[in-house]
Amino acid sequence: MDTSDQITKPVYTVGTEYAHAEARKSPVVDGVVMRNPDGKENMLAQLLNQIAIQCTGNYVMCSVLPHGWGFENLKVRYPVLLTPNEKQMAREVCIAFRQAVCGFDLLRCEGRSYACDVNGWSFVKNSYKYYDDAACVLRKLFLDAKAPHLSSSIPPTLPWKVSEPVTPNEGLTRQGSGIIGEFGQAEELRCVIAVIRHGDRTPKQKVKLKVTEENLLNLMLKYNGGKPRTETKLKSAVQLQDLLDATRMLAIVRECYVCELKTILTSSKFISRPGRESDSEAEDFEHAEKLRQVKAVLEEGGHFSGIYRKVQLKPLQWAKVTKPNGDGEEEVPVEALMVLKYGGVLTHAGRKQAEELGRYFRNNIYPGEGTGLLRLHSTYRHDLKIYSSDEGRVQMSAAAFAKGLLDLEGQLTPILVSLVSKDSSMLDGLDNASVEIKEAKAKLNEIITSGTKNISSNGSSEFPWMTDGAGLPHNASELLPKLVELTKKVTEQVMLLAKDEDEELTEASAYDVILPYDQAAALGKTNIDVDRIAAGLPCGSEGFLLMFARWKKLERDLYNERKERFDITQIPDVYDSCKYDLLHNAHLNLEGLDELFKVAQKLADGVIPNEYGINAKQKLKIGSKIARRLLGKLLIDLRNTREEAISIAELKNSQDENPFEKEASEKQSKGFIKNDDTRRNSASDLSMDQDDDDDKETQYRLDPKYANVKTPGRHVRTRLYFTSESHIHSLMNVLRYCNLDESLQGEDSLVCDSALERLHNTKELDYMSHIVLRMFENTEVPLEDPKRFRIEMTFSRGADLSPLEKNDTEATSLHQEHTLPIMGPERLQEPGSYLTLEKMENMIRPFAMPAEDFPPPSIPAGFSGYFSKSAAVLERLVNLWPFNKHAHSNGK
């Protein structure tokens with residue numbers, strides 16, 4: 001059972017018509033943290049919400065004492081709503097046990113409530129509300145039993161309560177919120193949407209090889225349902241173990257192959273490679289080396305942590321063969337492309353960056369100068385959902401960010417399981433634009449290797465970002481040989497360091513002696529490993545042998561000496577390794593690394609943005625294909641926020657116009673408010689929230705009648721989407737170039753010209769780069785006026801600072817901790833400009849997935865009913881086991 005949204009309530013009944021409950025919520029869920037007298041947060045303590053349930057009414061009362069927020073001595077009441085089922089359960093427990101004054105525990109989990117642990121005679125201590133209510137209930141019970149003629153004539157409230165004033169409902173009016181819009185005090189923050197790249201990571205690495213070995217092809221068919229033309233992805237421990245067994249069988253033969261290459265190639269039943277008889281010995285030897293590398297990587301660490309190693313098998317060629325039963329022919333794959341991806345683990349610096357950015361959001365994006373968000377969150381006025389792609393580094397970045405945002409303590413793993421939903425279809429992959437990306441890279445290669453830059457018809461000196469290959473250095477073709485030369489120089493130095501570590505290392509093979517290495521161990525690092533650095537070893541868990549393998553692969557892939565051909569797709573990887581080693585391994589003093597970084601940066605600043613489109617129109621096309629689903633979800637978020645705000649405003653207006661209907665309106669307002677996709681009667685309102693399977697849960701809100709807060713009507717929706725560089729580039733390209741679409745001719749860009757120029761000069765959207773959309777509501781504007789809702793767009797380049805920077809004091813200090821600072825937000829609109837939600841929708845809708853096209857949430861195979869959500873949680877826990885196992889020692 002998934003208890004991530006668990007609320008445990010000791011319930012105390014007074015007769016069959018009244019119950020009082022104390023709701024205890026995990027701080028991991030709502031971010032509310034108890035503090036000791038010294039102000040220290042204590043994650044083991046739980047905030048006590050005293051909730052009095054009026055069983056026959058539609059409201060509940062709760063009293064909260066949020067210590068450490070500057071009003072410890074002020075008793076604030078925060079009423080919330082409970083379901084009719086829970087009220088009925090309290091009544092039935094009281095009747096079943098024949099105990100008028102009775103206590104029991106009520107567990108709310110997975111959208112359902114469970115009565116458990118009935119304690120019998122029990123009552124509440126230190127609650128004036130409880131005793132006032134109990135006095136009224138008991139008085140009515142006595143009068144009904146002994147003096148029914150008096151029962152109806154005596155008021156149901158206590159005498160001294162009649163004259164107490166009712167706290168007015170200030171609705172949507174801002175009262176010192178700290179978030180005052182540019183257009184007056186009446187602007188209210190309604191929605192925050194952020195798309196965020198992950199934090200600093202170890203270099204990503206990839207091995208590609210074409211395979212024709214029968215056991216590997218059979219493995220592909222085993223896990224794709226026997227479909228000869230379907231791609232297979234291997235990520236789980238069982239799948240990777242099967243692949244390791246297959247490569248070990250091949251490795252036995254390869255050992256002999258090293259000695260007798262030609263004999264093995266012609267006689268081995270394991271290495272039958274049809275169509276390759278004419279391949280040179282160099283290519284065959286390279287194939288053998290790559291197989292050995294696959295085996296070595298799979299053996300790293302001695303166990304599998306699937307979120308950091310994954311393999312793709314893509315069929316390339318097929319043949320017709322006779323079926324085993326002789327009844328006709330069937331198609332089988334005879335060649336496939338194997339792609340092994342590994343590395344890319346979130347570093348201690350990446351975790352720190354994510355937490356710091358979360359704290360920045362808490363202190364600067366929301367009302368109340370830091371405490372405002374926590375108060376909104378703890379009083380059920382903050383609707384937060386966090387989504388992540390499938391990559392481990394992205395999931396952990398999301399968890400670290402949530403830790404900083406909600407002021408939590410403890411390990412990242414339980415935060416990840418509790419708060420982060422995985423949505424790979426929305427935040428992963430480039431498959432939808434693979435053809436266009438391939439065309440862009442081919443054109444990019446032509447521009448770089450030819451030494452010329454073709455200017456598109458739309459290009460001009462006034463708008464340089466409209467040219468083909470914008471941002472590429474004019475001497476790119478001259479920089480390539482220098483890049484290769486410097487890469488060799490660095491590789492040779494790392495090889496010498498590796499030889500000192502293992503004298504058996506030879507130049508012939510970089511993969512023969514890769515020692516067992518636990519990629520996941522890097523995740524547990526929260527600080528620099530001082531002992532390793534003092535010993536002259538690489539930072540983190542990477543040894544010299546693996547470091548050499550990383551650089552040797554870059555050297556070999558960057559330039560094919562036999563074919564005399566450059567591979568420009570390796571430029572970002574060279575830049576990535578340079579920046580990583582300058583930041584984390586500067587103590588190794590690799591000669592030429594600084595110069596290599598400068599050359600690689602010049603090339604990467606041009607190559608990386610152009611991989612997502614060689615010109616503005618191609619960038620728009622590729623971006624819309626990659627981010628189509630994400631764009632559709634963003635529009636759903638904004639639209640649902642608008643409709644909820646309008647509903648609240650209409651209710652308030654009706655109350656102001658007809659005070660006599662106020663009580664009835666309040667009851668209506670206390671009705672159960674569902675999650676994002678409440679209004680499913682309209683196709684345009686269909687939503688694809690990851691938690692649609694929970695759409696029948698009540699979303700708890702303040703009861704305005706009893707709320708002792710200034711703005712009980714304030715409700716902020718936050719949606720956080722953590723993803724990779726590709727989706728950040730894609731989303732940004734759609735935002736700035738959407739007006740180039742034929743259907744939007746004549747419209748201005750959503751991004752102003754000055755911001756377009758800044759983006760052109762930015763080049764890199766580095767770790768923790770992010771795009772933020774904030775929606776404000778102007779409550780002084782009529783509901784039907786498009787200017788009622790305004791969108792504000794900002795972006796940050798992330799940790800876009802050179803590790804060679806010497807003039808930045810803060811950067812120099814952080815560099816000593818192997819961390820780079822995150823750049824502050826920049827506007828995408830001119831100051832004073834007014835972007836309405838209506839215009840935003842019109843500009844983005846052509847590129848977004850329609851709401852009605854979002855499929856319903858899938859239920860894991862073999863699970864249904866109550867345990868459907870638990871299955872996903874268990875799967876995540878299994879994947880995260882290696883980190884949990886070492887939690888006691890590394891303090892994740």
Side-chain angles (χ1 to χ4, degrees), residues 57-59 79-81 166-175 177 179 181 183-193 367 376 379-383 635-687 689 695 698-707 709-719 774-791 834 836-842 851:
N58 289 318
Y59 69 89
V80 295
L81 300 172
V166 178
T167 303
N169 178 8
E170 300 181 26
L172 304 177
T173 304
R174 182 183 309 280
Q175 298 290 335
S177 66
I179 295 290
F183 300 92
Q185 290 279 347
E187 273 206 338
E188 185 78 32
L189 178 66
R190 284 284 172 254
C191 183
V192 176
I193 298 175
L376 280 173
T379 57
Y380 303 93
R381 294 180 292 163
H382 183 220
D383 178 10
L635 291 183
I636 289 173
D637 295 336
L638 294 172
R639 182 168 60 247
N640 289 343
T641 305
R642 175 188 59 197
E643 291 184 353
E644 181 180 330
I646 289 176
S647 297
I648 295 175
E650 289 175 343
L651 177 61
K652 182 177 184 295
N653 291 341
S654 66
Q655 293 175 0
D656 294 340
E657 293 172 1
N658 192 347
F660 297 101
E661 296 181 0
K662 185 173 183 179
E663 184 176 353
S665 299
E666 285 173 353
K667 290 184 178 180
Q668 178 184 351
S669 71
K670 296 165 196 170
F672 301 127
I673 303 173
K674 308 301 180 185
N675 283 334
D676 287 348
D677 53 347
T678 301
R679 302 184 176 188
R680 287 192 175 267
N681 56 329
S682 170
S684 64
D685 296 320
L686 290 175
S687 175
D689 268 358
D695 63 358
T698 301
Q699 190 173 67
Y700 302 96
R701 300 292 171 80
L702 290 178
D703 184 333
K705 182 177 179 181
Y706 294 92
V709 292
K710 293 181 179 180
T711 55
R714 174 181 296 145
H715 180 244
V716 179
R717 172 181 272 111
T718 298
R719 296 293 180 268
R774 293 198 300 175
M775 186 169 82
F776 294 88
E777 180 184 11
N778 191 332
T779 58
E780 293 182 352
V781 174
L783 289 176
E784 63 276 5
D785 193 324
K787 289 189 175 181
R788 177 88 180 192
F789 297 97
R790 177 177 69 88
I791 302 296
Y834 206 103
T836 65
L837 173 58
E838 182 180 39
K839 181 177 180 180
M840 180 82 173
E841 287 181 314
N842 292 336

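The CG atom of N653 sits 12.0 Å away from atom CD1 of I648, with the distance rounded to the nearest 0.5 Å. Going from atom CG of D383 over to atom OG1 of T718 covers 8.0 Å, rounded to the nearest 0.5 Å. Atom CZ of R719 is separated from atom CD1 of I636 by 11.0 Å, given to the nearest 0.5 angstrom. The CZ atom of R717 sits 12.0 Å away from atom CZ of R642, with the distance rounded to the nearest 0.5 Å.
R788 contributes a side-chain N or O that, together with a main-chain N or O of V781, makes up a donor-acceptor pair within less than 3.5 Å.
Side-chain atoms of N778 and R790, non-hydrogen and from C-beta on, never get closer than 4.5 Å to each other. A heavy-atom distance below 4.5 Å is not found between the side chains of V716 and E188. M840 places none of its side-chain heavy atoms less than 4.5 Å from the side chain of M775.
Partner of L837 under the side chain to side chain contact (heavy atoms under 4.5 Å, CB included) criterion, chosen from N842, L638, T641: L638.
In terms of heavy atoms, C191 sits closest to I193 at SG-CG1, 3.7 Å. In terms of heavy atoms, H715 sits closest to H382 at CD2-N, 4.1 Å.
Residues passing the side-chain hydrogen bond (donor to acceptor under 3.5 Å, both in side chains) test with D785, sequence neighbours excluded: none. Qualifying side-chain hydrogen bond (donor to acceptor under 3.5 Å, both in side chains) partners for E838, counting only residues two or more places apart in sequence or in other chains: none.
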